[in-house]
Peer 1: 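Before anything else, here's the structure in question.
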Amino acid sequence: MKIAFIGLGNMGGGMAANLVKAGHEVHAFDLAEAALAAARAAGCTTFASARDACAEAEAVVSMLPNGAIVKQVYWDTVIGHAPEGAILMDCSTIDVATAREVIAVSEAHGYQMVDAPVSGGIAAAAAGTLTFMVGGSEEAFARAEPILAAMGKAVIHAGGPGTGQAAKICNNMLLAIHMIGTCEAFAMAEKLGLDPQTFYDIASVSSGQCWSMTSYCPVPGVGPKSPADNGYQGGFAAGLMLKDLKLAMEAAAAVGAKVPLGDHARAIYEDFARENATVDFSGIIREL
Ligand code: NAD
């Protein structure tokens with residue numbers, strides 16, 4: 001299938017390469033020359049503009065920094081430029097309202113579209129093991145699913161337009177809260193004279209167990225290998241966690257959801273990211 005791919009950064013670069021590996025003809029575009037060169041090396045055909053990349057596409061995938069850029073790219077270069085009937089998939093993490101607006105406008109122009117944000121970082125994007133949370137109609141999901149499956153280990157239909165983004169921000173709000181809680185518990189256990197490995201051995205089989213502890217332990221040398229073992233580099237940057245928490249707080253305000261811990265987690269990551277935006281989000285343990 002001819003697939004246009006717009007946004008070949010840390011995530012999009014690996015994802016586009018996996019579409020090539022799955023046998024697709026990938027028509028790629030990014031504003032950065034280095035990203036285009038890497039995409040060519042991975043077997044993509046690169047174009048001078050997003051419009052050109054979309055011109056013959058049967059499907060369009062985008063992986064862009066934020067909602068304002070997603071809107072601009074869809075308004076100026078995808079809608080009315082990709083062939084009518086193409087299936088459109090935005091995998092960026094953006095606000096729910098913008099995701100719904102872009103899908104509505106795309107559908108009004110005869111396209112089917114899903115929001116399909118991902119869980120999993122740069123390594124999962126490269127390995128093709130992302131989880132996609134997909135919002136859109138049953139028909140749009142059925143068309144998007146096999147394409148997304150070439151880039152991930154799980155593709156889950158969350159519901160109507162925007163529910164992929166809703167799932168993503170609720171999941172990441174919960175992740176931020178249990179990471180901070182895990183860090184607090186390990187730091188306090190140590191101050192109370194407990195060896196971190198011993199505390200892990202106990203808590204990981206007790207009721208405090210959670211993903212932040214058993215899959216992504218913030219203490220170096222404890223649990224499976226994680227960014228803590230690599231100086232808190234190479235995982236999910238605190239700046240990106242803060243971005244997701246801000247989106248979550250916006251969405252909570254829009255629907256009147258009470259999220260006191262989510263809001264506190266946002267404030268804690270806001271402080272931390274001021275000087276540590278590129279540090280893995282588990283590095284918050286250093287502040288405790
Ligand atoms: P990135 O900054 O590495 O990549 C974004 C790319 O988009 C860049 O290469 C940039 O040149 C390109 N771009 C910007 N404006 C453009 C335009 N108008 N036209 C074409 N290309 C344009 O970011 P990333 O880490 O790849 O993240 C992409 C998205 O994935 C974000 O929404 C992010 O929140 C989400 N995400 C990231 C991670 C992660 O661990 N990095 C994990 C899950 C989700």
Side-chain angles (χ1 to χ4, degrees), residues 1-7 11-12 14-27 53-54 56-64 66-67 70-71 73-75 77-120 124-125 127-172 174 244 247-248 251 254-255:
M1 186 183 265
K2 283 184 186 161
I3 302 177
F5 203 113
I6 307 170
M11 298 292 289
M15 293 162 70
N18 284 319
L19 288 176
V20 172
K21 278 184 206 151
H24 295 295
E25 186 179 319
V26 178
H27 292 193
C54 288
E56 294 181 9
E58 298 156 82
V60 177
V61 181
S62 52
M63 194 54 166
L64 294 160
N66 60 48
V70 168
K71 247 186 182 177
V73 164
Y74 277 82
W75 284 188
T77 65
V78 179
I79 296 171
H81 301 283
E84 202 173 325
I87 173 77
L88 314 180
M89 291 158 269
D90 179 42
C91 299
S92 327
T93 303
I94 66 170
D95 61 284
V96 176
T98 298
R100 290 190 169 142
E101 186 185 351
V102 177
I103 291 178
V105 174
S106 298
E107 288 181 347
H109 284 78
Y111 301 99
Q112 285 179 323
M113 180 169 186
V114 295
D115 54 300
V118 304
S119 176
T129 56
L130 294 167
T131 292
F132 289 89
M133 312 161 199
V134 188
S137 67
E138 291 284 351
E139 213 183 314
F141 175 76
R143 290 181 65 198
E145 200 268 343
I147 298 166
L148 298 174
M151 301 182 280
K153 67 172 191 302
V155 183
I156 300 165
H157 192 193
T163 56
Q165 299 294 349
K168 164 84 187 177
I169 54 173
C170 290
N171 178 75
N172 277 20
L174 179 57
D244 293 357
L247 291 174
V255 295

Peer 1: Determine whether a donor-acceptor pair (N or O, by modelled atom type, separation under 3.5 Å) exists between the side chain of Gln165 and the backbone of Ser92.
Peer 2: yes
Peer 1: Specify the closest pair of heavy atoms between Ser106 and Leu88, including all atoms of both residues, with the distance to one decimal.
Peer 2: OG-CD1, 3.6 Å
Peer 1: Minimum heavy-atom separation for Gly136 to Val114, with atom names?
Peer 2: CA-CG1, 4.2 Å
Peer 1: I'd like to know if the side chain of Glu58 and the backbone of Lys2 have a donor-acceptor N/O pair within less than 3.5 Å.
Peer 2: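 Checking the backbone N and O of Lys2 against the side chain of Glu58, a donor-acceptor pair under 3.5 Å is found.
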Peer 1: Output the distance between atom CG (Leu148) and atom CZ (Arg143), rounded to the nearest 0.5 Å.
Peer 2: 12.0 Å
Peer 1: Would you call Asn18 and His24 a side-chain contact if the rule is heavy atoms closer than 4.5 Å?
Peer 2: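 Asn18 vs His24: side chains apart.
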Peer 1: Could you state the interatomic distance from CG (Leu64) to CG (Asp90), rounded to the nearest 0.5 Å?
Peer 2: 6.5 Å
Peer 1: Can you list the steps and then say if Met133 with Ile156 is a side chain to side chain contact (heavy atoms under 4.5 Å, CB included)?
Peer 2: CA-CA 5 Å; Met133 312 161 199; Ile156 300 165; 5.9 Å; no
Peer 1: Which residues pass the side-chain contact (heavy atoms from CB on, under 4.5 Å) test with Glu107, not counting sequence neighbours?
Peer 2: Ile103
Peer 1: Measure the OG1-OH distance between Thr98 and Tyr74 for me, rounded to the nearest 0.5 Å.
Peer 2: 13.0 Å
Peer 1: Please round to the nearest 0.5 Å and tell me the distance separating atom CE of Met63 and atom CZ of Phe5.
Peer 2: 7.0 Å
Peer 1: So, taking the atom named CE in Met15 and the one named CG in Leu130, what distance separates them when rounded to the nearest 0.5 Å?
Peer 2: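 CG of Leu130 is found 6.0 Å from CE of Met15.
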Peer 1: Looking only at heavy atoms, what is the nearest atom pair of Ala99 and Asp115, with distance?
Peer 2: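 Scanning both residues, the minimum pair turns out to be CB-CB, 4.2 Å.
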Peer 1: Heavy atoms only: give me the nearest Ala166-Val96 pair and the separation to one decimal.
Peer 2: N-CG2, 4.0 Å
Peer 1: Would you sort out whether Tyr111 and Val78 count as a side chain to side chain contact (heavy atoms under 4.5 Å, CB included), showing the intermediate values?
Peer 2: CA-CA 10 Å; Tyr111 301 99; Val78 179; 5.7 Å; no
Peer 1: Taking side chain as C-beta onward, heavy atoms only, is Met89 less than 4.5 Å from Val60?
Peer 2: no
Peer 1: Using 0.5 Å steps for rounding, measure from the CG atom of Leu247 to the CG atom of Asn66.
Peer 2: 9.0 Å
Peer 1: What pair of heavy atoms forms the shortest contact from Ala57 to Pro83, and how long is it?
Peer 2: O-CD, 3.1 Å
Peer 1: Between His27 and Ile6, does the side chain to side chain contact (heavy atoms under 4.5 Å, CB included) criterion hold? Intermediate values first, please.
Peer 2: CA-CA 9 Å; His27 292 193; Ile6 307 170; over 6 Å; no
Peer 1: Got Val102 and Met113 here, is their nearest side-chain heavy-atom distance under 4.5 Å?
Peer 2: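 Result yes, sub-4.5 Å side-chain heavy-atom pair found.
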Peer 1: Using a 4.5 Å cut-off on heavy atoms from C-beta on, say whether the side chain of Lys153 contacts that of Thr131.
Peer 2: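 Thr131 reaches Lys153 side chain to side chain.
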Peer 1: What heavy-atom pair brings Ala53 and Ala4 nearest, and what distance separates the two atoms?
Peer 2: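 Looking at all heavy atoms of both residues, the shortest contact is O-CB, 3.4 Å.
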Peer 1: Judged by atom type as modelled, is there a donor-acceptor pair below 3.5 Å linking the side chain of Lys168 to the main-chain atoms of Ser119?
Peer 2: no
